[in-house]
Number of protein chains: 2
Amino acid sequence: MTEQTGARGRSVTTRPLPKSHRTRERILDAAARVLSRKGYAGTRLQDVAAEAGLQAPAIYYYFGSRDALIAEVMYVGAHRVRGHVSDVLAALPEGTGAMDKILAAIEAHLRYELLISDYTTASVRNAGQVPVEVRERSAAEEAAYSHMWRDLFEAAIAADALRPDLDPNLARFLILGAMNWAAEWWDPGHRTLDDLVKATQDLVLGGIGRH
Amino acid sequence: MTEQTGARGRSVTTRPLPKSHRTRERILDAAARVLSRKGYAGTRLQDVAAEAGLQAPAIYYYFGSRDALIAEVMYVGAHRVRGHVSDVLAALPEGTGAMDKILAAIEAHLRYELLISDYTTASVRNAGQVPVEVRERSAAEEAAYSHMWRDLFEAAIAADALRPDLDPNLARFLILGAMNWAAEWWDPGHRTLDDLVKATQDLVLGGIGRH
DNA sequence: GTCTATATGCTGATAGAC
DNA sequence: GTCTATCAGCATATAGAC
């Protein structure tokens with residue numbers, strides 16, 4: 001949970017990341033992969049260690065417990081998606097319209113979600129299966145992300161860019177659900193990411209845009 | 001996997017369902033509940049038995065193994081949804097349009113999915129976590145259901161009811177994803193089912209309908 | 001930092017009484 | 001049909017060498 005190691009700069013070195021940091025990241029990636037495929041109860045430290053190229057007890061040097069490792073995976077995935085979408089929105093030109101912001105958020109969400117799909121599917125598949133204590137930090141992160149989307153929709157309503165008879169909360173959940181689920185079925189070898197982004201934007205635009 | 005007991009009519013009785021059949025169903029419902037909350041690896045026979053009101057070894061009278069029980073849960077959920085939507089479509093008036101059929105299928109899917117939501121969430125959350133052997137029967141059922149939806153979209157294309165630039169496969173996956181995910185967040189105490197059905201139909205209609 | 005060895009607890013499954 | 005008793009296997013976590 002807390003960082004037991006970090007960039008401490010033990011000596012003057014040219015490496016930007018200390019070895020311990022990189023090992024920790026490798027364990028985290030391995031845990032995301034195992035967690036997404038085997039689920040919370042099925043995530044064995046032995047499997048995580050094998051994916052990361054070390055032995056199970058070594059994990060305890062970086063994480064206090066199995067639950068702490070899993071909690072970190074859930075948190076990191078949610079945190080990074082929110083950070084990415086937030087950055088993209090912040091970089092948009094000043095006068096960008098409310099609906100264009102939603103479309104940009106959709107593209108940013110899909111691209112980043114599918115880029116770190118192990119974290120995404122781990123989070124999506126296990127959100128309801130992980131014990132509450134383990135989910136606390138990631139749940140807070142997801143709430144903040146959800147709040148961000150609500151703001152986008154409310155700005156669109158204020159700008160009169162949405163259909164007046166629309167229930168923005170239901171629509172938001174449906175759209176986020178459709179996107180989150182994409183990590184489960186989207187096959188890069190079959191459809192390009194650009195096609196998926198466009199299909200999602202088209203569905204949303206036609207569905208909630210005034211016309 | 002195979003039915004070890006069933007409606008055998010051991011003697012003339014007024015009860016429509018033999019006790020063994022009802023107990024089996026109770027175990028199945030309990031397993032769906034536990035599977036949806038704890039996941040594949042976390043589903044303990046002890047917990048299933050407790051939910052069903054009996055001891056763990058009694059489960060072996062009805063199911064050959066833990067995997068056989070879980071496979072049956074996954075299969076039954078998918079099978080019943082497909083049967084329900086299929087029945088609803090079959091009962092539609094002769095001249096029902098292709099787009100109205102899709103809207104009817106959406107309503108039928110959502111209503112049944114949320115009615116047996118333990119089976120639905122069990123299936124959705126564990127589809128990618130359950131071993132392939134255990135998933136075989138339910139995967140075949142889901143493929144058949146997916147095929148049914150593809151037919152609905154192809155009929156709509158043939159009737160020129162869809163936007164010409166639409167990728168029907170991507171749209172189908174996005175819509176089914178949005179619906180399946182509803183079992184995860186929809187709260188009956190907060191929004192009515194009618195509202196959810198309408199919101200989904202509106203999103204889909206505006207999104208893929210010609211206008 | 002990472003390893004080997006090990007203590008401890010829990011789970012699926014079977015045997016056999018009732 | 002359902003129970004109690006029990007076996008065998010496996011996973012987390014710790015101890016301690018290197």
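The chains referred to below are lettered A, B, ... by the order of the sequence lines, with proteins before strands, and numbering in each begins at 1.
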Visitor: Would you kindly give the CG-to-P distance between Asp67(B) and dT11(C), to the nearest whole Å?
Guide: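 It is 16 Å, rounded to the nearest whole Å.
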
Visitor: Side chains of Ser146(B) and Arg172(B): closer than 4.5 Å at any heavy-atom pair?
Guide: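 Sidechains of Arg172(B) and Ser146(B): in contact.
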
Visitor: How would you list, by chain and number, every residue that makes a salt bridge (charged side-chain N to carboxylate O under 4.0 Å, His left out) with Asp29(A), sequence neighbours excluded?
Guide: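 Salt bridge (charged side-chain N to carboxylate O under 4.0 Å, His left out) check on Asp29(A) returns nothing, list empty.
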
Visitor: For the pair made of OH in Tyr60(A) and C1' in dT14(D), what is the distance, rounded to whole Å?
Guide: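 In whole Å, dT14(D) C1' and Tyr60(A) OH are 9 Å from each other.
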
Visitor: Any donor-acceptor pair under 3.5 Å linking the side-chain atoms of Asp87(A) with those of Tyr112(A)?
Guide: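 No, no side-chain donor-acceptor contact under 3.5 Å.
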
Visitor: Are OP1 or OP2 of dT2(C) and a side-chain N or O of Tyr61(A) less than 4.0 angstrom apart?
Guide: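 No, no such contact exists.
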
Visitor: Using 0.5 Å steps for rounding, measure from the CZ atom of Arg150(B) to the CZ atom of Phe153(B).
Guide: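 Arg150(B) CZ to Phe153(B) CZ: 12.0 Å, rounded to 0.5 Å.
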
Visitor: Starting at atom CG of Leu45(B), determine the distance to atom P of dT14(C), rounded to an integer number of angstrom.
Guide: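 In whole Å, dT14(C) P and Leu45(B) CG are 11 Å from each other.
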
Visitor: Can you tell me how far P of dA11(D) sits from CG of Asp47(A), to the nearest Å?
Guide: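 Distance check: Asp47(A) CG to dA11(D) P gives 7 Å.
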
Visitor: Check whether any side-chain N or O of Thr43(A) sits under 3.5 Å from a backbone N or O of Gly39(A) as a donor-acceptor pair, and report yes or no.
Guide: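 Between the backbone of Gly39(A) and the side chain of Thr43(A) there is a qualifying donor-acceptor contact (under 3.5 Å).
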
Visitor: Which parts of nucleotides 3-10 of chain C does protein reach within less than 4.0 Å, heavy atoms only, written one letter per nucleotide 5' to 3' as B for base, S for sugar-phosphate only and - for none?
Guide: BBB-----

Visitor: Quick one: do the His21(A) and Tyr62(A) side chains pair a donor with an acceptor below 3.5 Å?
Guide: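 Absent: no donor and acceptor within the cut-off.
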
Visitor: At a cut-off of 3.5 Å, list every protein nitrogen or oxygen paired with a nitrogen or oxygen from nucleotides 16-18 of chain C, distance to 0.1 Å.
Guide:
none

Visitor: For the pair made of CD1 in Ile59(A) and P in dT12(D), what is the distance, rounded to whole Å?
Guide: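 Taking CD1 of Ile59(A) and P of dT12(D), I get 9 Å after rounding.
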
Visitor: Does some side-chain heavy atom of Gln55(B) sit less than 4.5 Å from a side-chain heavy atom of Gln46(B)?
Guide: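 A side-chain contact is absent here, since even the closest heavy-atom pair is not under 4.5 Å.
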
Visitor: Let me know the distance between CZ of Phe63(A) and C1' of dT12(D), rounded to the nearest Å.
Guide: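 Distance, rounded to whole Å: 16 Å.
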
Visitor: Answer yes or no: does a side-chain N or O of Tyr62(A) lie under 4.0 Å from OP1 or OP2 of dT2(C)?
Guide: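 Affirmative; the distance criterion is met.
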
Visitor: Heavy-atom distance under 4.5 Å between the side chains of Met179(A) and Leu174(B), does that happen here?
Guide: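 Not touching, per the 4.5 Å side-chain cut-off.
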
Visitor: Please work out whether the ring planes of Trp185(A) and Phe173(B) are parallel, tilted or perpendicular, with thresholds of 30° and 60°.
Guide: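 Trp185(A) and Phe173(B): parallel rings.
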
